[in-house]
Amino acid sequence: MSYLTKNEEIILLSILRIKDDAYGVSIKNQIEESTGNNWNYGLLYATLDQLVKKGLLIKREGKPLSERGGRRKIYYSLSKMGWKALEEAHKLKEVLWDGIAIRSLKKGEIS
Amino acid sequence: MNDHHSTPPKIPKWILSNLAYRIEKYSLLDDLEEEFALKSSGQGKTAFRTWYWIQALRAIPSVMLYALFRNAVMAKNYATIALRNIRKHKAFSFINIMGLSIGISLCLFVISLIFFMRGSDRFHDKKDRIYRVISKAISENEIYESATAPMPLSAELEQVPGIETVVRIKRNFGGAAVYKEKGFLVNGLYADKDFFRVFSFELELGDPKTALLEPYSIALTQEVAQKFFGYSNPLGEVLHIQDVGAFTITGVLKEVSKLNTHMKFDCLASVSTLASLENQKKIYASLTNWKNLNDNYVYFLIHENASPKTIEELLPGIVEKHYKNEEDKYQFSLQALTKISPGKNLANNLSTMPIPPEAPLFLCIIALIIMIIACFNYTNLSLAKALSRAKEVGIRKTIGASRNKIFTQFIGESVTYALIALVIAFFLYKLLLPRFFQSILLHVGMETLGLGLIFSFVLFSLIIGFLAGIIPAILISKFNPTDVLKDISKTKVFSRVNLRRALVVTQFFVSFIFIITTIVLFKQINFQKNTDLGFQAENILNVELQGTDYEIFKQEIADYPGISMVSACAFLPATGTQAAQNAKRSDGTESYKLDFMIIDNNFIPNLGLRLVAGRNFPKTTKTEKERFVILNELAVERFRFALPGDAIGQTIIFGDDIQLEVIGVVNNFLSRSTENLAHPLALRVIPEHFGYANLKVITDEQEPTLLFLETKWKELQPYLPFRYAFFEDQLGSYYTGSKNALRGLSFITFLMILIAFFGLLGMVIYDMEARVKEIGIRKVLGASVADIIMVTSKSFVLLLLLATALAIPVAWYTNHMILQSIANRIELGFSIFAQGLLFMFALGFLIIFSQTAKAASRKPVDSLRYE
């Protein structure tokens, strides 16, 4: 399986943080809260779509809403594969960072 | 109003909803709307509408990329089909792509011009707070609007609350600059010490605070500094400017020539130098002179929250104080730095003419017309070709393609064409166009091909592709598969012949107007060149004195056999320069602003001016006081003398106290420019102002004469280039401005014609192909080649005739309006139209008949064999 991209990882983790109420607006706000970046909806939905196609996210439709003209909100949650992908990403990072401390990075002396 | 808050702007929503397919489109839009509603509730709506716009626009690139990525398979299919079509129909593709790329390249050029024209001086950090004072002198019969302002005004402005810094600028600094063995001509400005605080010209070397503080300080531009000093540090070195003084170099400016600014200069000298120069009487008084509106400028910087309006309201008070006893009325007003160019045309510009504010719009219209014409070609040929595509569409539809899909495919195809055309157009734009628009390009920083510019190029060609393809796409996607596959002749495209004809007629309509306009302007300019100047410019060689003493120069050269006469003047007549001063009769009260020229006593015979009454100036020496004046006939009328002879012996008072006796009257001649008619004019003798020597040379010995002059000049002025020109060329070069514009226009016309005839060629080729069998059958049945040419050509010839018939009145009207604005103008006669018609028909018929003749001469065996 291919690695997660940074954007995918950010979205998956943000959805994890929100838990049940993860849909477009809330995911976007969560991302802004934790990374400080204001994503545009194009990027957000393109990445969400990709994740759904990869099977890492599951779509779930809510109740029809009058303020959305009778359309349903689409909620996202992690699939089993999604969990696994995150786990792997974390493990990969641990391996890569093993033995490297930020302090030594600054000094430029990696042992 | 509350209801309005929650409705987001429609346009971005529409754009986004059309682009965002294959994505959770509704969720995306609803989310955006939800956030919009949340943000905008209870607050001003415009801010959040902008927010919505920004959000929507930011989303577009990702959405499109994603859609492209997801649609890669289908997009590839469309591209294959498009490319296959391009290869299959080589002639059509060539015509289409050439037409589009010519059109696009011209538009690219126009876009970059517009980018340039958006305005000069946008690089100054404080541009929105910088203003200059401009002036208006109103005399009885003339309003003189000038970019200048008197220098002492600055002291008054410094007292005004709200003004932070005032900067005085004076032009006409410069001359031959000499350092050790090197000498160059430099042109510059005098500028106040705070120049660098107000304007964002950067100093590479030197301290911006003190560079222009001390008298005889000079700051050079990098280009000039390099000429003198190479790469070594010039600070502290002394540069001698001939006839001005020795200046210490206190600064080097970063590249100025690349900046888009209305000030052009090689160097800046400190204004504090002026006091000493005025004391030495080296220059005309300006520091305390309220009446010098020739070459001084007052710029100022206002405080962040000051209002220019309140400052402007104080100006009439200042006028009242200082111009109490003047007969002329003076008015001052403010002009924002950003409004200088493009902006209104004022006299005495600082260094460059402002671009007229209408120019960008005018260019836009021209580009639009060309593009429409080029798009018509595509539309036209695609429609003609539609039949051959009908089966493909029919099959696609039967397999299950929706109308939208077909529409997208055809739009995609035209966009592909446009993008291919863009690539070619870009090369044309980079390589070919600069040759034709050289003069314009000098002012345009073409090398600065910014991201914004490239982005707008691509965006532009996408739009072009869309527009060119939309009509065929709509019509073709309408095809009903059963009709198309069963019986092709039932398809609607056959009834669209009229649409195609209308497009061709429009193309030729526009082309004809352009042809006529080009001819008219050509004739007009030639006419102006040959108008009666009132003086003889033949064989007059004008040498720029560049500060050289005229008497010395004359002494050196006058005896040379190749030169029959030498005279001098301050500036040349009819070349766009003019000077004026108030003048009145000593026995009258009425004063006029009267043009004057400064000449010597040889000028009148040398330029073949005719003395109507009185006599020429006597021979004078430099030290002698000015005593006499010669008027032209119009000036005699202006001063209300009944006859030219009555003026002789009368006294005219110039300015306040220069009393001159009228000694002669000459014929009227063009003094201002060749576009203007002759004006009332006075001729005066002021030797220290001589700027040109006029040499009458003997025709057949020009080469050695020039050689002789050059060597003499080198002896007199080893550091200055020998600058000379024949008067006739100079009068012509005065037209180079309009000549260049004309060259541009004729090139555009040429391209327009090319595009239109390409279109016609395509139409005829197609029509002949479609009628191959008809022609074959006709031939078999006994029709001669001539008959067939007649039959097949008729409809095209009729189209051409219709287009010209419609265009003639429009062309007449537009050109009539153009000519109205010119004083010395040609008649808009029959011959111009005859020439235009001849040209148009000759080319049109050539194309039509060559193709029909080719089709007619084909052997019926070949065309009918397959049946």
Side-chain angles (χ1 to χ4, degrees), chain A residues 2 5-12 14-15 18 20-33 35-77 79, chain B residues 2-42 47-75:
Chain A
S2 58
T5 66
K6 202 93 205 162
N7 285 349
E8 288 171 343
E9 197 178 337
I10 289 171
I11 284 194
L12 287 178
S14 300
I15 291 173
I18 307 166
D20 292 336
D21 193 34
Y23 74 107
V25 178
S26 65
I27 299 172
K28 184 172 172 267
N29 289 339
Q30 178 63 44
I31 292 173
E32 190 167 0
E33 201 181 295
T35 67
N37 291 335
N38 181 8
W39 279 32
N40 67 65
Y41 279 109
L43 180 59
L44 181 71
Y45 272 97
T47 322
L48 281 174
D49 217 48
Q50 195 129 323
L51 286 167
V52 172
K53 291 237 158 63
K54 280 187 177 176
L56 305 183
L57 280 182
I58 297 167
K59 279 200 286 194
R60 165 170 64 81
E61 291 190 340
K63 290 189 201 107
L65 295 167
S66 59
E67 68 261 30
R68 296 204 156 203
R71 286 183 296 275
R72 298 158 194 275
K73 261 187 201 171
I74 293 176
Y75 293 98
Y76 294 88
S77 54
S79 69
Chain B
N2 263 331
D3 294 346
H4 271 275
H5 284 168
S6 48
T7 45
K10 289 208 178 72
I11 304 165
K13 193 178 168 185
W14 179 83
I15 297 173
L16 209 53
S17 70
N18 273 295
L19 288 172
Y21 56 107
R22 301 219 157 218
I23 226 174
E24 294 291 350
K25 172 160 95 180
Y26 291 110
S27 281
L28 195 162
L29 288 170
D30 289 342
D31 282 354
L32 200 49
E33 209 157 312
E34 186 183 315
E35 220 176 321
F36 176 74
L38 206 73
K39 286 201 182 219
S40 64
S41 63
F48 292 103
R49 291 178 85 81
T50 329
W51 175 87
Y52 191 97
W53 266 99
I54 292 170
Q55 290 296 322
L57 290 179
R58 279 183 59 205
I60 286 174
S62 310
V63 163
M64 280 187 73
L65 267 178
Y66 191 65
L68 207 69
F69 174 67
R70 284 279 152 213
N71 284 329
V73 182
M74 218 45 207

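Below, chains carry the letters A, B, ... as their sequence lines are ordered, and counting in each starts from 1.
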Do D30(B) and R71(A) meet the salt-bridge criterion of a basic N to acidic O distance under 4.0 Å? yes
How many angstroms lie between atom CG of L28(B) and atom CG of N40(A), to the nearest 0.5 angstrom?
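Reported to 0.5 Å precision, the distance equals 9.0 Å.
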Shortest non-hydrogen pair, G42(A) vs A59(B), comes out as N-CB, 3.3 Å
Y41(A) and Q55(B) have their tightest heavy-atom pair at CD1-OE1, 4.5 Å
Q: List the steps and the verdict of side-chain contact (heavy atoms from CB on, under 4.5 Å) for N29(A) and E35(B).
A: CA-CA 10 Å; N29(A) 289 339; E35(B) 220 176 321; 4.2 Å; yes
Margin query: If you count heavy atoms of other groups shown closer than 6.0 angstrom to NZ of K13(B), is the number above 12?
Written below: no
TODO: Taking the side chain as every heavy atom from C-beta outward, state whether R58(B) and N38(A) have any pair of such atoms under 4.5 Å apart.
DONE: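 Contact flag for R58(B)/N38(A) side chains = yes.
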